[in-house]
Amino acid sequence: MCDISENTPYNFSVIEQKWQEFWLKNNSFVTDLSGKKPKYYVLEMFMYPSGKVHIGHVRNYTIGDIIARFKRASGYAVLHPVGWDAFGLPAENAALAHGEHPKKWTYKNIAAMKEQIRALGFSYDWSREFATCDEKYYAFQQKLFLAMHKRGFIYRKNSEVNWDPVDSCVLANEQVIDGKGWRSGAMVEKKMLPQWFIKITNFKKELLSALDGLEGWPEKVRVMQSNWIGKSEGCSIKFSGDSGDDILVFTTRPETLFGASFVAISPHHDLAEKLATKNPSVAKFLEEFKKGSISEEIMEKQEKLGVNTGITVNHPFLPTKLPVYVANFVLKEYGTGAIFGTPAHDERDYDFATKYGLPISQVIDLPGNGGNDTPDGGSLLYTGIDGSMVNSDFLNGMSVLDARNAIIEKLCNIGIGSREEFYKLRDWGVSRQRYWGCPIPMVHCPKCGVVALEEKNLPVLLPEDVSFEKTGNPLDHHITWKHTVCPLCGAAATRETDTLDTFVDSSWYFLRFCINDSESDDLLSAEDIKQWMPVDQYIGGIEHAILHLLYARFFTRALSTCEFIDVQEPFENLFTQGMVCNVTYRRENGEWLFPEQVRRRESGDFELLETGEPVIVGRLEKMSKSKKNVVDPDVIISNYGADALRLFVISDTPPEKDFPWSDEGLEGCWRFVNRLWRLFVFMQNCGVEAQKCAIDFNLEQLPANVGELYKNFHGFIKKITDALENRHLNKVVAFGREMVNAVYGCLDDVKGYRNVFSIIIRDLIKLMAPVVPHICEEAWSMLGFTGLVSSGDWPVYDQQYLIVSTINLPIQVNGKLRGSIDVDVDDPEEVVFEKALGLQSVQNIVAGKVIKDKIFVRGRIVNFVV
RNA sequence: GCGGACGUGGUGGAAUUGGUAGACACGUCAGAUUUAGGUUCUGAUGGUUAACACUGUGGGGGUUCGAGUCCCUCCGUCCGCACCA
């Protein structure tokens, strides 16, 4: 009966479903609120309910679930919630395409995706599930908006939108394709509209400096956020104008001031507009600039162009007058919208000066250049900061950095300069001219202007009886919804019809998950939030490195300022997983092909099944419908089971790296699940069971291989535990396989030592359970263990078994491996040397030569130098 | 252009952080089982070689008894930012 190879098919579909239902029915993963255990909050970025779970989700949530299960077993009270980022444009697109109401579409998708997610056996606390389009959630968001408004975080200003002149509606960026409206195909225009903004810039300093403290974040993400916030330190300088028009410029290189040969202002600069009224060539330039600037792609590659305004400004320290240009490369949005140009030490200024024949005068001499020769053989451009100042009056001879300080001090003293910090970060525009979003709780009163609602006027619910027949925002042409009264004067007023950017919804959802009482209306109970925040492990894609993660950091700070919560940083540790990729196939005309349309030829290239024409095999690309390289999780689950899929998406490739899908790899994981099953059945047949788990054996008296296995097992516990702690999930799988292979190697001894193997199998099940929970739960119950392995504790290793007494020591001669010897780790140096010299392979080289040096590193190596 | 990461078998990747390179898989090959295919079990598998041996972590150089790991340099790939003064 005890034959491992006997046919014991694993009926994964029945067993997986059985445990999924059991866990759900018994609330097996409801959050532990006893307060007796330390907390651990593990969160995966929540899902947009597009209707279909894709493999990328599976990988993301599998990583999270493994961590959640591991931490739960390791004695933590784990909060592992699930929810839906449910507002957004695709729901409205569906309404346009199929006439289905966005709400209906959204909740239908959530229901469908929930089924898919449940089929993967994730250990969620489903009692905390919500969607951001739930009335309770967005109503509370309106409350937060009003509180932030009271604190001065919210304001309104004119801002550009994409305007479709045919459909006469605002388009989201993703609805603009090649500069044209996605439906009408009309050229999209930029149009100014008054819109709502959140002052994220209030926290620019904190958001930047706190990045240093986020040690649990990938360096890459921190760098990206830091660049996005984009701090630069410098100095603003006022150039006095002859015509009374002073120009304030910003520079990070004030020390190059003596090399200035022109001043340039942005075409959007106020002065440019003013000069255009008097100067036809400026007017013409501005007009052309506006024409050309519509498309951003053109902007990017644009050559530097400018126009001389005819006016001049005075150099602060020299009797020189500098010409003032309007130049297309000067940004209005950055600094003061004006610069001084130092062609010898700035690439852009150099290009510009060369084009318009402006003087190029050197003020920094390269170290060792010893005079005023041009650096790097003729080119006058040097943008480095090594070297010393020349041609610069009182700065001459100073280092660049000394000169910088000296000139800033001087400029400050004479009252025309000041130290400044500028940031690239802009305020966050949150208005969307859309229906399916959180209504902005503001009204427009003809008498009082724009008025914020009071808390008692909340919630402002979305009307359900809307029509998508007209273009534009349905809230705008709803018959009654818009009309209300002004909370200040009581007069008839209209509601704001813009809704909030969905990034607002996702900026505080992790706080909502902390609320213990799902019936509560207080979605930010300070006590609950204190109990769970910050998120201990956040997991999601690198694509959210900037926007979502920065907004969430900002929101947490803003809500602290508004005294809702007392946390500064929401995510203690961040893990960014790689994308799931797959090969792509294309015809020679570029058309994408499904893998099943393609056949491999004998020669190794590929051809189209239908016609036999050659097929181009593309490189691995992120799975996407358009490239026809997607796989459907549902199909995989029904063919191979959830455990095999979970195992596969974390196998082989480190989770932070892109994952190459392969059908063979998946099959390998499926085979491993079956191999596990055969092992469990074999053990059961051999009488291995829970009741025999007693350490009633003497390790010394066991057969060598069984004793060795038992000791090695403690090594596996350590290796797997460490790999889980470090998120090296690919290694967790590799070590798990090694461990199973090791047990397979001792099957002949199982019957004789059921007690030893009962302990080994018990811990093996525990160790594998986070990755393949269904089969482990089944084995746990099958072998008579009580309770659930999912709620059991993590095995601990015994340090004494990790200490090895004898090892196989490598022997080198001149750093080259020549053999190895078995020694006792405690053997004295001389004994080891003697034994090592006894090796024939060592003698072959050493014989007749003088040994100059003998290296011995205990437990590591022996090296003879001859 | 600037910034960051990386480069190991046919493939994905290991390597206790300076100490036996290639763990664990995928693939391939062979043997056993099977009517056969599949599954399963066992073994082999960096390259050259009949073998001894030699060689091998993108190229070149260096430090060291010893380098995939540290330093310099060149090349290549990927990612981010991009007229940010």
Side-chain angles (χ1 to χ4, degrees), chain A residues 3-9 218-224 226-228 230-232 234-235 249-254 256 264 266 299-304 327-331 333-342 345-349 351-352 383 422-424 542 545-546 619-620 648 651-654 656-669 671-672 674-675 678 718-719 722 728 730-741 744 747 807-820 841 844 852-857 859-866:
Chain A
D3 181 2
I4 194 81
S5 61
E6 88 186 60
N7 195 19
T8 50
E219 183 63 22
K220 183 181 178 151
V221 175
R222 292 196 281 170
V223 168
M224 281 166 78
S226 170
N227 290 340
W228 186 260
K231 175 180 168 177
S232 40
C235 169
V249 306
F250 173 71
T251 181
T252 54
R253 302 290 305 271
T256 62
S266 159
M299 277 278 277
E300 272 177 25
K301 286 169 193 158
Q302 212 163 35
E303 81 177 299
K304 287 172 187 56
N328 66 345
F329 69 94
V330 182
L331 304 174
E333 292 287 303
Y334 188 75
T336 59
I339 60 152
F340 72 78
T342 313
H345 304 290
D346 182 283
E347 214 170 302
R348 295 152 302 178
D349 299 347
D351 291 348
F352 193 75
T383 58
F422 274 101
Y423 290 82
K424 286 195 252 179
I542 188 83
I546 296 173
R619 59 172 203 165
L620 293 177
F648 179 50
S651 290
D652 300 339
T653 305
E656 68 277 11
K657 287 188 65 178
D658 285 352
F659 178 84
W661 182 268
S662 86
D663 296 338
E664 294 82 4
L666 174 64
E667 298 234 1
C669 289
R671 287 199 297 265
F672 179 68
N674 284 285
R675 188 168 159 86
R678 283 192 301 278
K718 177 167 168 47
K719 278 159 84 176
D722 290 350
H728 295 166
N730 54 322
K731 289 201 253 171
V732 172
V733 176
F735 297 149
R737 298 182 107 129
E738 254 186 280
M739 170 172 73
V740 170
N741 291 347
Y744 261 75
L747 295 181
I807 54 154
N808 183 257
L809 195 68
I811 311 299
Q812 298 181 335
V813 180
N814 290 337
K816 203 165 196 171
L817 186 72
R818 291 296 164 185
S820 63
S841 53
N844 287 347
K852 293 185 212 142
D853 203 359
K854 294 188 273 190
I855 313 281
F856 174 66
V857 183
R860 285 259 186 268
I861 204 126
V862 166
N863 189 12
F864 297 109
V865 185
V866 293

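In what follows, every heavy atom counts, from backbone to side chain, and hydrogens, waters and symmetry copies are set aside. A, B, ... follow the sequence lines: proteins, then strands. Residue 1 opens every chain.
Residue Asn741(A) places none of its side-chain N or O atoms closer than 4.0 Å to OP1 or OP2 of A23(B). The shortest distance between the side-chain N/O atoms of Arg818(A) and the OP1/OP2 oxygens of C54(B) is below 4.0 Å. Side-chain N/O atoms of Arg671(A) include one lying less than 4.0 angstrom from OP1 or OP2 on G27(B). For C41(B), the OP1/OP2 oxygens have a side-chain nitrogen or oxygen of Arg675(A) closer than 4.0 Å.
As judged by a 4.0 angstrom heavy-atom cut-off over every strand, Lys220(A) is placed among residues touching the sugar-phosphate backbone only. In this structure, Lys816(A) reaches the sugar-phosphate backbone alone: every heavy-atom distance under 4.0 Å involves primed, P, OP1 or OP2 atoms, never a base. Contacts of Val249(A) with the nucleic acid, taken as non-hydrogen atoms under 4.0 Å apart, are absent. The residue Gly335(A) sits apart from the nucleic acid: no heavy atom pair falls under 4.0 Å. Heavy atoms of Ser662(A) sit nowhere under 4.0 angstrom from any nucleic acid atom.
Qualifying side-chain contact (heavy atoms from CB on, under 4.5 Å) partners for Thr336(A), counting only residues two or more places apart in sequence or in other chains: Leu248(A), Phe250(A), Ala338(A), Phe422(A). With sequence neighbours left out, the side-chain contact (heavy atoms from CB on, under 4.5 Å) criterion links Ile807(A) to Val804(A), Leu809(A), Val823(A), Val825(A). Contacts of Asn844(A) classified as side-chain contact (heavy atoms from CB on, under 4.5 Å), with partners at least two apart in sequence or in another chain: Gln840(A). Scored by the salt bridge (Lys or Arg N to Asp or Glu O under 4.0 Å) test, Glu333(A) finds Arg426(A) as partners (sequence neighbours excluded). Take Glu347(A) and apply the side-chain hydrogen bond (donor to acceptor under 3.5 Å, both in side chains) test, not counting sequence neighbours, and it matches no residue. For Glu667(A), the side-chain hydrogen bond (donor to acceptor under 3.5 Å, both in side chains) test picks out Tyr640(A), with sequence neighbours left out. Listed by chain and number, the residues in a salt bridge (Lys or Arg N to Asp or Glu O under 4.0 Å) with Asp658(A) amount to none (sequence neighbours excluded). With sequence neighbours excluded, no residue satisfies salt bridge (Lys or Arg N to Asp or Glu O under 4.0 Å) with Lys424(A). By the ring pair (Phe, Tyr, Trp, His ring centres under 6.0 Å) test, Phe352(A) is found to be paired with Phe262(A), Tyr325(A), Phe329(A), Tyr356(A), residues two or more places apart in sequence or in another chain being considered.
Take the nearest nucleotide of RNA chain B for Glu219(A) and for Glu738(A): the residue whose nucleotide is more 5' is Glu219(A). Toward the 5′ end of RNA chain B lies the nearest nucleotide of Arg737(A), the other residue of the pair Arg737(A) and Asn844(A) mapping further downstream.
Rounded to whole angstrom, the span from the NZ atom of Lys304(A) across to the C1' atom of A85(B) amounts to 12 Å. To the nearest angstrom, C1' of G80(B) lies 11 Å from CH2 of Trp228(A). Asp351(A) has its CG atom 13 Å from the C1' atom of A85(B), to the nearest Å. Arg222(A) has its CZ atom 12 Å from the P atom of A5(B), to the nearest Å. The interatomic distance linking Asp853(A) (CG) with G66(B) (C1') rounds to 11 Å, in whole Å. Taking atom CZ of residue Phe672(A) and atom P of nucleotide U39(B), one finds them 18 Å apart after rounding to whole Å. A straight line from CD of Glu333(A) to P of A82(B) spans 14 Å, rounded to a whole angstrom.
Atom P of G13(B) sits at a distance of 15 Å from the matching atom of C79(B), rounded to the whole Å. Atom P of C71(B) sits at a distance of 15 Å from the matching atom of U63(B), rounded to the whole Å. Atom name C1', nucleotides C52(B) and U57(B): the rounded distance is 26 Å, in whole Å. When the P atom is used for both C2(B) and A15(B), the distance is 34 Å, rounded to whole Å. To the nearest whole angstrom, the two P atoms, one in A44(B) and one in A5(B), are 40 Å apart. Distance noted for atom P between G58(B) and A21(B): 16 Å (whole Å). Using C1' as the reference atom, G80(B) and G62(B) are 33 Å apart when rounded to the nearest Å. A distance of about 28 Å separates the C1' atoms of U28(B) and U77(B), rounded to the whole Å.
What you find for Leu620(A) and Pro660(A) is that their closest heavy atoms are CD1-CB, 3.6 Å.
For Arg678(A), taking side-chain heavy atoms from C-beta onward, the closest of the listed nucleotides C83(B), A85(B), C41(B) is C41(B).
Here the side chain of Thr342(A) pairs no donor or acceptor atom with the backbone of His345(A) at under 3.5 angstrom. Proximity of a side-chain donor or acceptor of Asp346(A) to a complementary backbone N or O of Gly341(A) within less than 3.5 Å is not detected.
Helical stems involving RNA chain B, defined as 3 or more consecutive Watson-Crick or G-U pairs under 3.5 Å, span B:1-7 with B:75-81, B:10-12 with B:24-26, B:27-32 with B:40-45, B:46-48 with B:53-55, B:58-62 with B:70-74.
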Quick test: give all pairs of protein nitrogen or oxygen and nucleotides 45-50 of chain B nitrogen or oxygen below 3.5 Å, distance rounded to 0.1 Å.
none

Inset, instruction - Could you encode protein contacts along nucleotides 12-21 of chain B as a string, one character per nucleotide from 5' to 3', using B for base contact, S for sugar-phosphate-only contact and - for no contact, with a heavy-atom cut-off of under 4.0 Å? - result: BSSSB--BB-
